Structure formats: C-alpha cells, structure tokens
**Q** 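Mind having a look at this structure? Questions to follow.
Everything numeric here is computed off the predicted structure, so don't read it as measured data.
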Amino acid sequence: SGCFSEFNFFKRRGYDFKMVLSILVSMVVSPEKTVNSYIGSATGESSLMGKDVFYRLKNSSSVCWRMLLWHLALRFLKVTSEDDQPGDDSPRFLIFDDTTLSKTGKRMEKIGRVWDHVKNSYVLGFKLLVMMYWDGKSSIPLDFSLHREKGKKQERPFGMTKKELRRQFNCKRIKDSYTAKRADELDINKISMVLRMFYSAIYQKLRVDYVLVDSWFTCEALIQAVRSVKDQTVHLIGMYKFAKTKFEYMGKELTHAQINNMLGKPKRCRSLGYQYKQAKVLYQGIEICLFFSRRGNNDKWKVTLTTDTMLTFKRLIEHYQVRWVVEVYFRESKQLLNLGGCQSSNFDA
C-alpha cells in the first residue's frame, strides 16, 4: 500500500485511487477485458461505479504511471532479493526492445502507421519501448514509452492523410503535466528514450552487469553511456549491422567486414554448434570486442559487439540469450493480458 500513498489525493465521488486501480487491474485477468464489457457484466452491474470513474482515472494528468510502475518494480525486487543466497553473483541484465501495438481506429488521438517487422508491413498503431530487468529468477518491466513514426512522405505524415489527421481526437493538456510529457515522448527518438531509461535505472541504484539490445539500438551513444557509469561496472552486449562504421584494428581504420576477412579461419564452438572469430578493437576510444559467428559454411556472418573484452564466445551467447525473456513478455502480455487492447480515443488512456 505504500506504493499508492502518493495518490491518496486522487478521489472522486467516494472512490479512492487504490479501489479503482485494483478493479482496472483485475479486468486484465478476467473475461471482461475492457471497461465497457466490465460495466455490462454481472460483476459490473452490481457495482455503483460508472464507466466515467475508470476513464477519469485513465485520462488523469495527475497520475504518473511511470512512477507507479517504478514503485511496484522496486518493491518486487526488494521482496524477491530476500531469498537470494549469500554470495550470489549471477549477472543482472537490463534489456531494451520494442514491439508494435496494433489499433483499429483512425480517429484515435495521435495514431499513425508504424513498421511491423513481424508482418513486414505498415500497421496502424504505436510502438511500445520497454526496459526489462532480469535478476536470474524473474523478469519485470521497469519503464516504457510509446512512439510513432513520421515517415519520409510529407504529404502523408505518420502514414495518414491530412484529412485523417484533422479528424483525430484532440486533447488539450496542461504544460509540463505527466500526460503532456507522455505525448511529447511520441516523437522523441527511441535511442534517446533508451538513454533516459538507462540513466534512471542507474539512478535507482539497481545492480546492472549487462545491457542487452538488438542491432537497432546498438550505437555509439549507448556504448558511451554504459561505459560512463562510475559506481559499478556495466557492459553492453548487442548485435551490430552498420556496414560503414570504422573500427581501429591493428593500427588501421576498418569496417567489421574488412576485419572479418583479416581474421582467417574460424574456431568452432561444438557445444553451441557455431563457427566464430573474435577481434579486440577500439571504437571512439573505447576497447570493445567483435564476435563474428555463423551456424554453417553457407550461413551469413552475424556480428555481436560487447564492451566486456574478457568474455568468451560461449559466455557471450549465454548472456545474449537472456534477451529472449522480453520477447516472451511481449507475446504473453498480448495474448493473456490484453497488452495494446485499449481502444480509447484519448491518448492518455
């Protein structure tokens, strides 16, 4: 209950924050997944709450959902850490990834078309960026942001016609309110949001050993951020694909493909079934290790980058496989918890 003490001021017609929020959360795991279906159910009909009670909470500019999520996550981690064995030094991971939240209503506020890598096409909806924490036993989301993609066609910003944009729901927000900041994040670069979330995790004094990302998020800014942490040693592990980036290797500025060609015959990791090569290089003054791997002779080389130059190839793959927990989280949350199922016109909801 301490997590909700800061929201005691939020009360309308006798219904306090904790009561309304608990009902909203219970909807997620009940047959009534939405407010309308709950109101029409036997449970909802026996309650005196109308739908406006729930939407007033969901649309409120006074509730910082990010802070609430942090309160719950830190409380969870504190309780579960009590079961840790003395001397437990298993690595802790921060995982960043995004997923598509598909929608069906073109009149939703700030809706647009985004690229879905699974369907390999543009879909109506938002991109959800999540920071996940893995402590060796549990995975828990710590922070999130929603994004849209403007695209390159000026006549169709966000993949919408100007007529469709004019017909969208529009809500005036108080400047610097929580909801106004959320709306502003829609058009902030996802790399910038990853850096914000990472620094917030470090500020909360979470133990972090590795940051795991796919090739979309692996960049110089994140490498610099990870290695700039003073209070603990944090390393980055990420896939890499940018062909023109130059690394300093053996006194020369070379691309990863040129470095791969210089490494000669690959080694074999029989337990994982990989061929691999590795090279220690300098990138913007930071020592990193590039691993080149493939399954067979006909497979294409994939590049994995890490700032932990002491990692073996097998240990690198074992660490990077932890990133799969965020994919499981997205799949199960969409299938079982109705993630992205809200069809409200107001973006705040």
**Q** Considering non-hydrogen atoms only, spot the tightest contact between Phe198 and Ala225 and give its length.
**A**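 So the two residues come closest at CE2-O, 3.6 Å.
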
**Q** Is atom CD of Glu253 surrounded by more than 12 heavy atoms (other residues, nucleotides or ligands) closer than 6.0 Å?
**A**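 Buried by this count: over 12 neighbours within 6.0 Å.
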
**Q** Nearest 0.5 Å please: distance from the OH atom of Tyr274 over to the CZ atom of Arg268.
**A** 13.0 Å

**Q** Can you pull out every salt bridge (charged side-chain N to carboxylate O under 4.0 Å, His left out) where at least one residue sits in residues 133-143? Sequence neighbours excluded, please.
**A**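 Residue pairs passing salt bridge (charged side-chain N to carboxylate O under 4.0 Å, His left out), neighbours aside: Arg66-Asp143, Asp84-Lys137.
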
**Q** For Pro141 versus Tyr329, what's the shortest heavy-atom pair and its separation?
**A**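 That would be CG-OH, 3.8 Å.
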
**Q** With distance as the sole criterion, is a donor-acceptor pair present between the side chains of Thr245 and Tyr240 under 3.5 Å?
**A**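 Note: Thr245 and Tyr240 side chains meet the donor-acceptor criterion.
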
**Q** Atom CD1 of residue position Ile174 - does it have more than 12 heavy atoms of other residues, nucleotides or ligands inside 6.0 Å?
**A** no

**Q** Which distance, rounded to the nearest 0.5 Å, do you find between the OG1 of Thr161 and the CG of Leu165?
**A** 6.5 Å

**Q** Which pair of heavy atoms, one from Lys246 and one from Tyr283, lies closest together, and at what distance?
**A**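 Shortest heavy-atom contact: O-CD1, 3.8 Å.
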
**Q** Could you check whether Lys58 pairs with Asp348 (Lys NZ or Arg NE/NH1/NH2 to Asp/Glu carboxylate O, under 4.0 Å)?
**A** no

**Q** To the nearest 0.5 angstrom, please state how far the CG atom of Leu195 sits from the SG atom of Cys219.
**A**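 These two atoms lie 6.5 Å from each other.
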
**Q** Do you know which two heavy atoms are closest between Asn59 and Ala349, and how far apart they sit?
**A** OD1-CB, 3.2 Å

**Q** To the nearest 0.5 Å, what is the distance between CG on Leu186 and CZ on Arg148?
**A**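 Leu186 atom CG to Arg148 atom CZ measures 5.5 Å (nearest 0.5 Å).
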
**Q** May I ask you to test the Leu305-Val303 pair for a side-chain heavy-atom distance under 4.5 Å?
**A** no

**Q** Hey, could you give me each pair passing salt bridge (charged side-chain N to carboxylate O under 4.0 Å, His left out) that has a residue in residues 319-339? Not counting sequence neighbours.
**A**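 Every pair satisfying salt bridge (charged side-chain N to carboxylate O under 4.0 Å, His left out) with a residue in residues 319-339: Asp97-Arg323, Arg323-Glu327.
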
**Q** In Å, rounded to the nearest 0.5 Å, how long is the span from CD1 of Ile223 to OG1 of Thr218?
**A** 7.5 Å

**Q** Suppose we screen for ring-ring contact (aromatic ring centres under 6.0 Å, His included). Which residues come up paired with Tyr210, at least two apart in sequence or across chains?
**A**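 Partners of Tyr210 by the ring-ring contact (aromatic ring centres under 6.0 Å, His included) criterion, ordered by chain and then number, come out as Phe93, His319.
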
**Q** For Met49 versus Ile39, what's the shortest heavy-atom pair and its separation?
**A** O-CD1, 3.6 Å

**Q** Which pairs, with at least one residue in residues 278-296 and sequence neighbours excluded, count as a salt bridge (charged side-chain N to carboxylate O under 4.0 Å, His left out)?
**A** none

**Q** Report the residues that fulfil side-chain contact (heavy atoms from CB on, under 4.5 Å) with Gln258, sequence neighbours left out, ordered by chain and then residue number.
**A** Leu254, Thr255

**Q** Residues two or more places apart in sequence or in another chain: which of them pass ring-ring contact (aromatic ring centres under 6.0 Å, His included) with Phe330?
**A**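 None.
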
**Q** Among residues at least two apart in sequence or on other chains, which ones pass side-chain hydrogen bond (donor to acceptor under 3.5 Å, both in side chains) with Ser215?
**A**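 Partners of Ser215 under the side-chain hydrogen bond (donor to acceptor under 3.5 Å, both in side chains) test: none.
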
**Q** Which residue pairs pass the salt bridge (charged side-chain N to carboxylate O under 4.0 Å, His left out) test with at least one member in residues 209-233, sequence neighbours excluded?
**A** Arg207-Asp209

**Q** Let me know which of Val213, Thr306, Asp308 forms a side chain to side chain contact (heavy atoms under 4.5 Å, CB included) with Leu236.
**A**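 Of all the options given, the one that passes is Val213.
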
**Q** Can you list everything that forms a ring-ring contact (aromatic ring centres under 6.0 Å, His included) with Phe76? Sequence neighbours excluded, please.
**A**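 If we apply the ring-ring contact (aromatic ring centres under 6.0 Å, His included) test to Phe76, skipping adjacent residues, there are no hits.
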
**Q** Check Lys103 against Gly340 and note the closest heavy-atom contact, atom names and distance.
**A**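 Looks like NZ-O, 2.9 Å.
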
**Q** Could you work out, with ring-ring contact (aromatic ring centres under 6.0 Å, His included) as the rule, every residue matching Phe292, not counting sequence neighbours?
**A** none

**Q** In a table with atom names and distances, give each donor-acceptor pair under 3.5 Å that connects a side chain of residues 115-128 to protein atoms at least two apart or in another chain.
**A**
from: Trp115; atom 1: NE1; to: His117; atom 2: ND1; distance (Å): 3.4
from: Asp116; atom 1: OD1; to: Val118; atom 2: N; distance (Å): 2.8
from: Asp116; atom 1: OD1; to: Lys119; atom 2: N; distance (Å): 3.2
from: Lys127; atom 1: NZ; to: Thr100; atom 2: OG1; distance (Å): 3.2
from: Lys127; atom 1: NZ; to: Trp115; atom 2: O; distance (Å): 2.7

**Q** Any side-chain heavy atom of Val234 sitting closer than 4.5 Å to one from Leu94?
**A**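 A side-chain contact is absent here, since even the closest heavy-atom pair is not under 4.5 Å.
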
**Q** Can you confirm if the aromatic rings of Phe217 and Phe96 lie within a centre distance of less than 6.0 Å?
**A**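 No, they do not, as the ring centres are separated by 6.0 Å or more.
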
**Q** Under the rule for side-chain hydrogen bond (donor to acceptor under 3.5 Å, both in side chains), what residues qualify as partners of Ser192, not counting sequence neighbours?
**A** none

**Q** OH of Tyr55: more than 12 outside heavy atoms within 6.0 angstrom?
**A**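 Counting neighbours around OH of Tyr55, more than 12 heavy atoms of other residues, nucleotides or ligands fall under 6.0 Å, so yes.
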
**Q** Given side chains that start at C-beta, do those of Val326 and Leu212 come closer than 4.5 Å, heavy atoms only?
**A**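 A side-chain contact under 4.5 Å is absent here.
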
